[in-house]
Colleague: 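What follows is a single structure, and I will ask about it in a moment.
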Amino acid sequence: SSIPASRLDELTVIRGVSPVSLGSESIGGTILATTRHGRFGDGEEFQPVGELSAGGQTANNSWFSALQAGAANQNHRFSLFGSYDHANDMDAGDGQTIVPTGYQRYSYGAEYGFQRDGQEIMLGYQHLRTNDAGAPALPMDIIWLKGDSGKASYTGRLGQLLVEAKAHYASTDHRMDNYSQRSP
């Protein structure tokens, strides 16, 4: 739920016991979700880059929109992104509605990357907010969830040694209950 579908680049499912490098206590498997990143350009001149996407579904009258825009050259890439998702309660057929199954979510953020001589540094930030997200199979629904995340990474070579370093930061706050969106 922390990566909107419009920002998803790749999704990998590892069944069973996962390597420690992919998470602690993940005996039931691991899901790796990778976000889209801008690409570096080919020359010294900065070139604008961007992508606009939108879509929807009829089952819950949902829709989404997303924009990623920025500029890149052979050494630098910078991008800003934002998305908004909205869904109504799902139609179960015969005039029945599954309550609560609707949701509202938006996110925005920025990324910067630098590469030179086989070394790459990347910095990123994202803010995510979800409002009124129903989960009828669970005992509670999300009233709101808001969070900020940051990441930094370095990849390069020291002689024959490949060095990869990553740092992540996340701060999330939420409110849930079982009565705001459900009829008693």
Colleague: Please say which of Ile14, Val13, Leu11 ends up in a side-chain contact (heavy atoms from CB on, under 4.5 Å) with Leu32.
Modeller: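 Answer to the side-chain contact (heavy atoms from CB on, under 4.5 Å) test with Leu32 among Ile14, Val13, Leu11: Ile14.
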Colleague: Okay, side chain of Asp89, backbone of Gly102: is any donor-acceptor separation there less than 3.5 Å?
Modeller: yes
Colleague: Can I get a per-line list of side-chain donor-acceptor pairs under 3.5 Å for residues 63-71, giving both atom names and the distance, sequence neighbours left out?
Modeller:
from  : atom 1 : to   : atom 2 : distance (Å)
Gln68 : OE1    : Arg7 : NH1    : 3.3

Colleague: Run the side-chain donor-acceptor check on residues 120-127: report pairs under 3.5 Å with partners two or more places apart or on a different chain.
Modeller:
from   : atom 1 : to     : atom 2 : distance (Å)
Tyr125 : OH     : Asp148 : OD1    : 2.5
Gln126 : NE2    : Ser2   : O      : 3.1
His127 : ND1    : Gly147 : O      : 3.3
His127 : ND1    : Asp148 : OD1    : 2.8

Colleague: Side-chain contact, heavy-atom cut-off 4.5 Å: His37 with Glu111?
Modeller: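 Result yes, sub-4.5 Å side-chain heavy-atom pair found.
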Colleague: Hey, are the side chains of Leu128 and Lys146 touching, using non-hydrogen atoms and a 4.5 Å cut-off?
Modeller: no
Colleague: Could you pull out the closest heavy-atom pair between Ala92 and Ile98, with the gap in Å?
Modeller: CB-CG1, 3.8 Å
Colleague: Give a yes or no answer on whether the side chain of Asp94 reaches the backbone of Gln96 with a donor-acceptor pair at less than 3.5 Å.
Modeller: no
Colleague: Exactly one of Asp141, Asp177, Val99 should register a side-chain contact (heavy atoms from CB on, under 4.5 Å) with Arg182. Which one does?
Modeller: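 With Arg182 as partner, side-chain contact (heavy atoms from CB on, under 4.5 Å) holds for just one option, Asp141.
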Colleague: Using the side-chain contact (heavy atoms from CB on, under 4.5 Å) rule, pick out the option among Asp132, Asp85, Asn88 that qualifies with Tyr103.
Modeller: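 Testing each of Asp132, Asp85, Asn88 against Tyr103, the sole residue satisfying side-chain contact (heavy atoms from CB on, under 4.5 Å) is Asp85.
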Colleague: Just wondering, do Arg129 and Tyr106 contact through their side chains at under 4.5 Å, heavy atoms?
Modeller: yes
Colleague: Does the side chain of Asn178 come within less than 4.5 Å of Pro139's, by heavy atoms?
Modeller: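 Not touching, per the 4.5 Å side-chain cut-off.
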Colleague: Taking ring-ring contact (aromatic ring centres under 6.0 Å, His included) as the test, write out the residues that go with Phe114, two or more places apart.
Modeller: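 In terms of ring-ring contact (aromatic ring centres under 6.0 Å, His included), with neighbours along the sequence ignored, Phe114 is linked to His76.
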Colleague: Show the nearest heavy-atom pair for residues Gly41 and Ala72, with the distance to one decimal.
Modeller: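 Looking at all heavy atoms of both residues, the closest pair is N-CB, 3.9 Å.
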Colleague: Could you tell me if the side chain of Thr172 sits less than 4.5 Å from the side chain of Leu145, heavy atoms only?
Modeller: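 In short, these two side chains touch, coming nearer than 4.5 Å.
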Colleague: Under a 3.5 Å distance rule, please check whether Arg36 uses its side chain to pair with a backbone N or O of Asp9 as donor and acceptor.
Modeller: no
Colleague: Minimum heavy-atom separation for Gly156 to Gln119, with atom names?
Modeller: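 Minimum heavy-atom contact is CA-CG, 4.0 Å.
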Colleague: Is there a continuous path of hydrophobic side-chain contacts, each under 4.5 Å between heavy atoms, that joins Leu161 to Tyr154?
Modeller: yes
Colleague: Report the distance from atom CD of Glu44 to atom CG of Asn73, rounding to the nearest 0.5 Å.
Modeller: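 Interatomic distance, Glu44 CD to Asn73 CG, rounded to 0.5 Å: 8.0 Å.
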Colleague: Tell me the closest heavy-atom pair linking Gly38 and Arg77, and the distance in Å.
Modeller: O-CD, 3.0 Å
